[in-house]
There are 2 protein chains.
Amino acid sequence: MTFDAIDRELLKLLQNDSKQTNKALSLQLNLSVTAVYERIKKLEKSGIVKQYVALVDKSKVKKDFVAFCHIKLVQHSQDYVVKFEREVNQLHEVLECYHLSGDYDYLLKVLVKDMKAFREFMVEKLTKIDHIGSTHSMFMINEVKHTTAITL
Amino acid sequence: MTFDAIDRELLKLLQNDSKQTNKALSLQLNLSVTAVYERIKKLEKSGIVKQYVALVDKSKVKKDFVAFCHIKLVQHSQDYVVKFEREVNQLHEVLECYHLSGDYDYLLKVLVKDMKAFREFMVEKLTKIDHIGSTHSMFMINEVKHTTAITL
DNA sequence: CATGAAATTTTCTCCAT
DNA sequence: ATGGAGAAAATTTCATG
């Protein structure tokens with residue numbers, strides 16, 4: 001599917017505030033409400049807009065201890081990789097998990113309440129997963145920037 | 001502010017799909033539409049729900065080259081840190097930036113179109129920032145998991 | 001893509017617990 | 001204070017040109 005400059009501007013607005021009314025959007029884009037409505041539907045149908053979510057302030061809910069864990073697997077056979085990835089997907093503490101180049105390695109972003117909870121997560125959950133070779137964790141001191149908005 | 005089990009369930013639903021109508025939410029929570037409405041307003045007022053956003057599918061817009069850059073500053077004086085953080089905030093390619101423990105170090109998540117664009121980003125933008133000592137980049141092979149939803 | 005009408009949803013008021 | 005029912009206001013959605 002193709003998207004033009006107006007779609008790009010529309011996506012920018014929606015990525016920043018998806019609760020704006022189509023009327024508000026139409027004013028910013030100099031379009032009619034219907035035109036905005038149809039463009040949004042097109043972006044949703046095509047899958048470019050994949051989800052609408054509410055973002056929760058971590059610190060307001062007392063859950064702002066963030067750790068990054070580098071993980072190496074003992075072996076990298078298809079089986080182990082698939083199994084590891086499936087198990088990681090089920091851990092709610094893991095917000096992000098990336099398979100990285102370099103050392104056939106994973107990077108996990110883990111969110112818990114505090115250091116104690118992190119220790120428990122490591123002992124009770126992460127290291128219970130088979131085939132993990134080594135881990136190396138770093139802790140967040142400060143979140144300098146965090147956006148979900150992609151510039152197009 | 002306090003939030004109970006119903007608020008927690010409501011946050012779970014909103015973090016997954018913020019476009020549900022209050023009626024749909026009321027059915028899932030066994031509440032009236034008004035009760036849902038008031039709870040949502042309370043969560044917004046208190047800042048627990050800080051933003052509503054549309055999530056864009058990176059691969060659908062041909063922008064799915066993700067790099068993680070570890071950065072060390074030459075010095076760690078207040079001035080340098082503040083300046084570095086301000087500049088990073090203005091780079092649209094940087095989606096996330098964390099100040100980490102350990103080596104007085106930063107971790108950046110960078111999103112660009114492809115390796116060529118990443119090279120340009122490094123040469124033209126990142127290394128143009130003063131006081132950067134060393135950088136180390138890793139590239140994403142696969143996004144195993146990525147959620148914005150916090151479990152409460 | 002715009003206009004205008006219909007359907008749905010949000011939002012408010014009032015009342016009960 | 002908290003939540004429910006229903007009316008009013010606003011918005012989304014659709015038909016037509």
Side-chain angles (χ1 to χ4, degrees), chain A residues 1-64 113 147-152, chain B residues 1-63 147-152:
Chain A
M1 109 153 239
T2 63
F3 58 97
D4 60 16
I6 297 176
D7 288 319
R8 224 171 295 140
E9 184 62 23
L10 175 55
L11 282 169
K12 185 176 167 184
L13 294 169
L14 290 175
Q15 284 187 103
N16 243 68
D17 178 7
S18 61
K19 274 258 163 130
Q20 295 175 83
T21 64
N22 291 345
K23 175 126 177 274
L25 293 166
S26 74
L27 292 173
Q28 293 169 85
L29 297 168
N30 281 105
L31 283 179
S32 70
V33 172
T34 308
V36 170
Y37 171 76
E38 283 171 354
R39 278 174 184 269
I40 292 176
K41 284 300 157 222
K42 194 180 61 169
L43 291 168
E44 290 170 354
K45 288 261 165 53
S46 71
I48 289 181
V49 169
K50 63 176 173 185
Q51 202 180 6
Y52 292 97
V53 301
L55 299 181
V56 168
D57 188 326
K58 291 191 286 294
S59 60
K60 287 264 167 64
V61 294
K62 309 284 181 226
K63 206 167 187 184
D64 57 354
K113 190 161 64 78
T147 179
T148 53
I150 298 173
T151 302
L152 298 165
Chain B
M1 108 155 236
T2 63
F3 57 97
D4 59 16
I6 298 176
D7 288 320
R8 224 171 295 139
E9 184 62 22
L10 175 56
L11 282 170
K12 185 176 169 187
L13 294 169
L14 290 175
Q15 284 187 104
N16 247 70
D17 179 6
S18 62
K19 274 261 162 123
Q20 295 174 82
T21 64
N22 291 345
K23 175 127 176 274
L25 292 167
S26 73
L27 292 174
Q28 293 170 85
L29 297 169
N30 283 104
L31 283 179
S32 71
V33 173
T34 308
V36 170
Y37 173 76
E38 283 171 353
R39 278 173 185 270
I40 292 176
K41 283 302 157 220
K42 194 181 65 172
L43 291 168
E44 291 170 353
K45 290 260 165 52
S46 69
I48 289 181
V49 169
K50 64 176 173 186
Q51 201 180 6
Y52 293 98
V53 301
L55 298 181
V56 168
D57 187 326
K58 291 191 286 296
S59 59
K60 287 268 167 62
V61 295
K62 309 284 180 224
K63 207 165 187 187
T147 180
T148 53
I150 298 173
T151 301
L152 298 166

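Proteins come first, then strands; the chains are lettered A, B, ... in the order of their sequence lines, and each starts at number 1. These numbers come from a predicted model, not from an experiment.
Judged by distance alone, the side chain of B/Q15 and the main-chain N or O of B/I150 form a donor-acceptor pair under 3.5 Å. No side-chain donor-acceptor contact under 3.5 Å links B/E9 to the backbone of B/A5.
Taken to the nearest 0.5 Å, the CG atom of A/L152 stands 10.0 Å off from the CG atom of A/D7. Atom CD1 in A/I40 sits 5.0 Å away from atom CG in A/L14 (nearest 0.5 Å). The CG atom of B/L43 sits 6.0 Å away from atom CG of B/L10, with the distance rounded to the nearest 0.5 Å. Rounding to the nearest 0.5 Å gives a distance of 8.0 Å between CG of A/N16 and OG1 of A/T148.
By the 4.0 Å N-to-carboxylate-O rule, A/K41 lies close enough to A/E44 to be salt-bridged with it.
Proximity of residues 13-37 of chain B to DNA chain D (heavy atom under 4.0 angstrom from any strand atom) is restricted to B/L31, B/S32, B/T34, B/A35. Less than 4.0 Å separates DNA chain D from no heavy atom of any residue of residues 45-57 of chain B.
Atom CD of A/E38 is separated from atom C1' of D/dT16 by 12 Å (rounded to the nearest Å). Distance, A/R39 CZ to D/dT13 P: 17 Å, rounded to whole Å.
When the shell of 6.0 Å around NZ of B/K42 is examined, it contains more than 12 heavy atoms from other residues, nucleotides or ligands.
With the end axes of the helix from C/dC1-D/dG17 to C/dT17-D/dA1 each set by five pairs, the angle from one to the other reads 30° at 10° resolution.
For A/K63, there are no salt bridge (charged side-chain N to carboxylate O under 4.0 Å, His left out) partners two or more places apart in sequence or in a different chain. For A/K12, there are no salt bridge (charged side-chain N to carboxylate O under 4.0 Å, His left out) partners, not counting sequence neighbours.
Contact between A/S26 and A/V36 at its shortest, heavy atoms only, is CA-CG2, 3.6 Å. When all heavy atoms of A/R8 and A/F3 are compared, the closest pair comes out as NH2-O, 4.0 Å. Across all non-hydrogen atoms, the minimal contact from B/D17 to B/Q20 is O-NE2, 2.9 Å.
The span of DNA chain C lying next to chain B, judged by atoms under 4.0 Å from heavy atoms, is bounded 5' to 3' by C/dT9 to C/dC12.
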